[in-house]
Protein chains: 2
Amino acid sequence: MLELDSFLPYRLNVLAKRVSRQLARQYQDRFGISIPEWRVIAILGREQPLSSNDIVERSQMDKAKVSRAVAGLVERGYLSRQVHPDDQRLLRLAFTAEGRALYDRIAPLALDWERRFLAALTPTERAAFTGLLDRLEARLAAMASEDETAYLLSGEANAERLRKAAADMDAGKGILRDIKD
Amino acid sequence: MLELDSFLPYRLNVLAKRVSRQLARQYQDRFGISIPEWRVIAILGREQPLSSNDIVERSQMDKAKVSRAVAGLVERGYLSRQVHPDDQRLLRLAFTAEGRALYDRIAPLALDWERRFLAALTPTERAAFTGLLDRLEARLAAMASEDETAYLLSGEANAERLRKAAADMDAGKGILRDIKD
DNA sequence: CACAGATCGTTTCAAGTGAAACAAATAGCG
DNA sequence: CGCTATTTGTTTCACTTGAAACGATCTGTG
């Protein structure tokens, strides 16, 4: 029987959402920074300058969200946005002096919050926990690519590929049918 | 220095979101059920009938979201919604025959997905992981109530309480000032 | 060199979200 | 009792989200 309290996807979601909210309280009201904006700042904090696309890759946010977060930060004077001289599609995003100062104020708050949160665990437990997270992430990635394969074959969304696959199967290239079912 | 890849709030968020998305693929396309709707169904699966408020408490969703999920499920004939005879503010939400059948089809899919996901860990590791999650949840709850206290005193959001506190401080009851700063 | 396709970042649009206002019903207090 | 406060669930409204369309730029191939 499905017990929601012990159902891991549910537990992870509730925990992650609560963590995000509480952490955001450390900087949202004080600095007027949204969660996506904070992520952009955190990424630039360790590497500069970056293009929007670099930030998309590092942040796991979609490019629209990054675009909006960057626009807000540029508008408020925390980031400078220049066009890359060698490739005019690319931006060169970097902190202004104000942006750097902002990062220097928020980063310690975030790290301190994390430290207080993780004080619930001993160092050994912390290591164990992050190790288990690594494993789960890897498993998830593996399942995602399996699903991707199945997806191409079942084709709810990609009529083009589905038709080709169906044609192949009709043509007797039925090896894939077993995988599909 | 703040390394986003190892920053736990960030890792939890990315993992939880990916888990949700992948799990949702098990039922969204097949049954036209959204994530909030699935949560309502999962909760009713173990206890029936419930009021909207009961579902709010058990699901950690806000009442607007629950209201909309329930409305959708009622409209499509999966739930019956009656007024409670003893308290007409309360609803008595329960599966219809179709709703029960839907639950009986989705729940195994969800559990099976979880089983495949958790196959990344040994039983011992799984137990360790859920135990660590318990501890982190408890820590978060403790931090939330600490914050709640600080919040009432700093009062960004509650002008009423802030004004009272300010009046008290002006009146010389300044014991709280140290806490506030 | 031309041009078809890929890449980058922005914008649009429809859907989802949550805080707050709300109506209806009940509880509690004088 | 009568009236105020609280509880319950819905709706409104402003905002966020992400998929898709888009314009601009670059790349690769013939």
Side-chain angles (χ1 to χ4, degrees), chain A residues 13-14 16-18 20-21 24-25 28-29 32-40 43 49-75 79-93 151 156-160, chain B residues 13-14 16-18 20-22 24-25 28-29 32-40 43 49-75 79-94 151 156-160:
Chain A
N13 246 292
V14 171
K17 181 165 272 191
R18 286 187 181 160
S20 266
R21 289 242 185 118
R25 281 169 67 165
Q28 256 174 358
D29 292 342
I33 297 294
S34 72
I35 291 178
E37 285 167 351
W38 156 244
R39 288 200 180 147
V40 168
I43 287 166
L50 292 176
S51 71
S52 289
N53 228 20
D54 293 333
I55 295 176
V56 167
E57 286 168 12
R58 287 162 177 70
S59 71
Q60 304 284 345
M61 299 191 287
D62 66 280
K63 59 186 182 171
K65 199 184 251 184
V66 169
S67 173
R68 290 186 272 247
V70 165
L73 292 169
V74 169
E75 191 181 357
L79 297 186
S80 69
R81 165 168 49 188
Q82 298 173 8
V83 175
H84 191 106
D86 297 347
D87 184 342
Q88 304 203 330
R89 295 170 304 180
L90 299 177
L91 298 180
R92 301 183 81 240
L93 298 165
Y151 185 66
E156 278 295 328
N158 194 319
E160 183 71 2
Chain B
N13 247 292
V14 171
K17 181 166 271 188
R18 286 188 181 157
S20 266
R21 289 244 182 115
Q22 247 186 79
R25 280 170 65 166
Q28 255 173 356
D29 292 341
I33 296 295
S34 71
I35 292 179
E37 285 167 350
W38 154 244
R39 289 201 179 146
V40 168
I43 287 166
L50 292 176
S51 72
S52 288
N53 228 21
D54 293 332
I55 296 176
V56 167
E57 285 168 14
R58 287 163 176 70
S59 71
Q60 302 286 345
M61 299 191 286
D62 67 278
K63 59 185 184 172
K65 201 184 251 182
V66 169
S67 174
R68 289 185 272 248
V70 164
L73 292 170
V74 169
E75 190 181 359
L79 297 187
S80 69
R81 168 167 47 187
Q82 298 173 6
V83 176
H84 191 105
D86 297 347
D87 183 340
Q88 305 202 330
R89 294 170 305 183
L90 298 177
L91 298 180
R92 301 182 82 238
L93 298 165
Y151 185 66
E156 278 294 330
N158 193 318
E160 183 72 3

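Protein chains get the first letters and strands the later ones, always in sequence-line order, with residue 1 at the start of each.
- Atom CE of A/M61 is separated from atom CG of B/N13 by 11.0 Å, given to the nearest 0.5 angstrom.
- With a heavy-atom cut-off of 4.0 Å to chain A, the contacted part of DNA chain D has its first and last nucleotide at D/dT17 to D/dC26.
- Minimum heavy-atom separation, B/V66 to B/S52: CG1-O, 4.0 Å.
- When all heavy atoms of B/I55 and B/I43 are compared, the pair lying nearest together is O-CD1, 4.0 Å.
- Remark: C1' of C/dA25 and CZ of B/R92 are 17 Å apart, rounded to the nearest angstrom.
- Taking 4.0 angstrom as the limit, A/K17 places a side-chain polar atom (N or O) nearer than this to OP1 or OP2 of C/dG18.
- Closest approach of B/G72 to B/E37, counting heavy atoms only: CA-OE2, 4.1 Å.
- Of all heavy-atom pairs between B/S20 and B/R39, the closest is OG-NH2, 4.4 Å.
- Remark: B/E57 CD to B/K63 NZ distance equals 12.5 Å, nearest 0.5 Å.
- With values rounded to the nearest 0.5 angstrom, B/D54 atom CG is found 10.5 Å from B/S59 atom OG.
- Within residues 79-90 of chain B, the residues having any heavy atom under 4.0 Å from DNA chain C are, by residue number, B/D87, B/Q88, B/R89.
- Near DNA chain C, defined here as any heavy-atom distance below 4.0 Å, the residues from residues 62-75 of chain B are B/D62, B/A64, B/K65, B/R68, listed numerically.
- Taking atom CD1 on A/I55 and atom C1' on C/dT10, their separation rounds to 15 Å, with Å as the unit.
- Comparing B/P36 and A/S51 along DNA chain C, the residue whose closest nucleotide (by nearest heavy atom) sits nearer the 5' end is A/S51.
- Taking CG from B/L90 and CG from B/L50, the interatomic distance works out to 11.0 Å, rounded to the nearest 0.5 Å.
- Looking at residues two or more places apart in sequence or on another chain, you find no salt bridge (Lys or Arg N to Asp or Glu O under 4.0 Å) involving B/R81.
- Judged as a side-chain hydrogen bond (donor to acceptor under 3.5 Å, both in side chains), and not counting sequence neighbours, B/R68 has no contacts.
- For the atom pair CG of A/D29 and CZ of A/R25, the computed distance is 8.0 Å after rounding to the nearest 0.5 Å.
- When every heavy atom of B/L93 is checked against every heavy atom of B/S51, the shortest pair comes out as CD1-C, 4.1 Å.
- No contact: A/S34 has no heavy atom under 4.0 Å from any strand.
- Atom CG of B/N53 and atom P of C/dT26 are 15 Å apart (whole Å).
- Axis angle, first five pairs versus last five pairs of the helix from C/dC1-D/dG30 to C/dG30-D/dC1: 20°, rounded to 10°.
- Residues A/R92 and A/P49 approach most closely at NH2-CG, 3.4 Å, considering heavy atoms.
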